[in-house]
Amino acid sequence: MKTLLLTGFEPFLKYPVNPTMKIAEELHGMKIGGYQIHSEILPVEFSVSGDRLVEHIMAIKPDAVLSLGLSGGRFKITPERIAINVSDGPVDNSGHAPVDEPIMEDGADGYFTNMPIRKMVDAVKKVGLPADISNTAGAYLCNNVMYRALHHAQQHPGLLAGFIHIPASHELAVEHGRVPSWSHEDLKRGIVACIKVLSE
Ligand code: PCA
């Protein structure tokens with residue numbers, strides 16, 4: 001059986017709940033398609049998150065690494081197409097706010113995911129949930145860890161790496177107020193559908 005490293009993020013900025021954390025925790029240890037899921041939760045800190053992800057990849061030696069991030073305001077499940085070599089955005093959980101910094105001095109400008117994102121989108125729609133490819137993961141922590149995973153995959157051929165942004169859960173929307181939201185069960189069902197595609 002293959003191993004999939006699934007990551008979620010801690011709460012950040014104005015979001016007291018991060019639905020990706022709960023999904024990752026609940027799927028830990030499950031078998032989905034041909035993959036055994038190993039979940040880890042990442043901090044939201046520019047100086048830590050990417051290194052932490054790479055450490056997990058080295059320790060767990062997964063066949064695939066899929067990271068999940070909250071995109072408050074999005075209303076579909078959105079597998080990301082590309083990560084760019086830029087860190088920029090509001091303060092992270094340590095109070096750091098980078099401006100136009102490269103993630104890796106010697107890194108490529110960007111990396112395309114090597115996961116079958118079109119098939120993932122089709123699979124999510126097939127289970128009755130809205131999905132679309134996203135062409136930007138932004139320049140905050142989600143882009144950062146996606147970039148680091150793909151940079152690592154570049155040097156370790158055969159490793160699948162990808163990122164999916166998800167909408168807020170109802171639990172978060174109750175706290176936060178002004179974001180479109182999904183039920184936790186639907187968010188999780190959408191992610192499971194994406195993971196199943198990797199075994200087809
Ligand atoms: N979403 C943020 C970082 C953590 C998360 O869940 C992002 O989209 O960059």
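The structure displayed is predicted, hence computed values, not measured ones. Residue numbers start at 1 and run along the sequence shown.
L6 and L187 fall within a single hydrophobic cluster, where Ile, Leu, Val, Met, Phe, Trp and Tyr side chains are chained together by heavy-atom contacts under 4.5 Å. Hydrophobic cluster membership is shared by I57 and Y111, with clusters built from Ile, Leu, Val, Met, Phe, Trp and Tyr side chains linked at under 4.5 angstrom. Two different hydrophobic clusters hold I82 and L68 under the rule that ILVMFWY side chains link at heavy-atom gaps under 4.5 Å. Cluster membership for Y15 and V145, using ILVMFWY side-chain heavy atoms within less than 4.5 angstrom, is shared. L129 and V192 fall within the same hydrophobic cluster, where Ile, Leu, Val, Met, Phe, Trp and Tyr residues are linked whenever their side-chain heavy atoms come under 4.5 Å apart, directly or through other members.
The ring-ring contact (aromatic ring centres under 6.0 Å, His included) pairs that include a residue from residues 39-71 are F46-Y140, where partners are two or more places apart or lie in different chains.
Under the 3.5 Å distance criterion, the side-chain polar atoms of W182 are left unmatched by any main-chain donor or acceptor of A168. The closest donor-acceptor contact from the side chain of S39 to the backbone of A24 lies under 3.5 Å. Within the 3.5 Å criterion, the main-chain N or O of A161 finds a donor-acceptor partner in the side chain of N114. Of the possible polar contacts, none joining the E171 side chain to the P19 backbone as a donor-acceptor pair under 3.5 Å is found. The backbone N or O of G34 lies less than 3.5 Å from a partner atom in the side chain of S199, making a donor-acceptor pair. Listed for the R81 side chain is no donor-acceptor partner under 3.5 Å among the backbone atoms of F112. H156 places a side-chain N or O within donor-acceptor distance of the main-chain N or O of H152, the cut-off being under 3.5 Å. Without hydrogens or angle criteria, N85 side chain to D109 main chain gives no donor-acceptor distance under 3.5 Å. Between the side chain of N144 and the backbone N or O of A139, no donor-acceptor pair lies under 3.5 Å. The backbone N or O of P43 lies less than 3.5 Å from a partner atom in the side chain of S49, making a donor-acceptor pair.
A salt bridge links R74 with E80: the closest approach of a Lys/Arg side-chain nitrogen to an acidic carboxylate oxygen falls below 4.0 angstrom. Ion pairing between R52 and E40 fails under the 4.0 Å rule for side-chain N and carboxylate O.
Contact of the N18 side chain with the E10 side chain is not registered, since no non-hydrogen atoms from C-beta on lie closer than 4.5 Å. In this structure, the side chains of H184 and H170 stay at 4.5 Å or more apart for every pair of heavy atoms. Taking 4.5 Å as the limit, every side-chain heavy atom of V17 sits out of range of all side-chain heavy atoms of V174. In this structure the side chain of P11 reaches within 4.5 angstrom of the side chain of M21, judged on heavy atoms. Side-chain contact between L27 and I32 is present, with at least one heavy-atom pair separated by less than 4.5 Å. In this structure, L66 and M115 have side chains that are in contact, with non-hydrogen atoms separated by less than 4.5 Å. Considering only heavy atoms from C-beta on, L4 stays 4.5 Å or farther from V65 through its side chain. Annotation: side chain of D132 is not in contact with side chain of I77 (no heavy-atom distance under 4.5 Å).
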**Prompt:** Run the salt bridge (charged side-chain N to carboxylate O under 4.0 Å, His left out) check on E26 and K188 step by step: do they pass?
**Reply:** CA-CA 9 Å; E26 287 181 5; K188 196 161 85 175; 2.7 Å; yes

**Message:** Apply salt bridge (charged side-chain N to carboxylate O under 4.0 Å, His left out) to residues R189 and D186 and explain how you reach the verdict.
**Reply:** CA-CA 5 Å; R189 210 153 55 82; D186 281 348; 3.1 Å; yes

**Request:** Show your working on side-chain contact (heavy atoms from CB on, under 4.5 Å) between M120 and L198 and close with a plain yes or no.
**Result:** CA-CA 8 Å; M120 285 177 163; L198 301 177; 3.9 Å; yes

**Prompt:** Where do S71 and I166 land on the side-chain contact (heavy atoms from CB on, under 4.5 Å) test, with the steps shown first?
**Reply:** CA-CA 6 Å; S71 182; I166 66 168; over 6 Å; no

**Request:** Kindly indicate, with the supporting measurements, whether the criterion side-chain contact (heavy atoms from CB on, under 4.5 Å) is fulfilled by K61 and T3.
**Result:** CA-CA 8 Å; K61 299 184 175 53; T3 303; over 6 Å; no

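By the 6.0 Å contact criterion, CD on Q155 is enclosed, its count of non-hydrogen atoms from other residues, nucleotides or ligands being greater than 12.
Minimum heavy-atom separation, L159 to P62: CD1-O, 3.4 Å.
Checked against a 6.0 Å centroid threshold, the rings of H28 and H38 count as neighbours.
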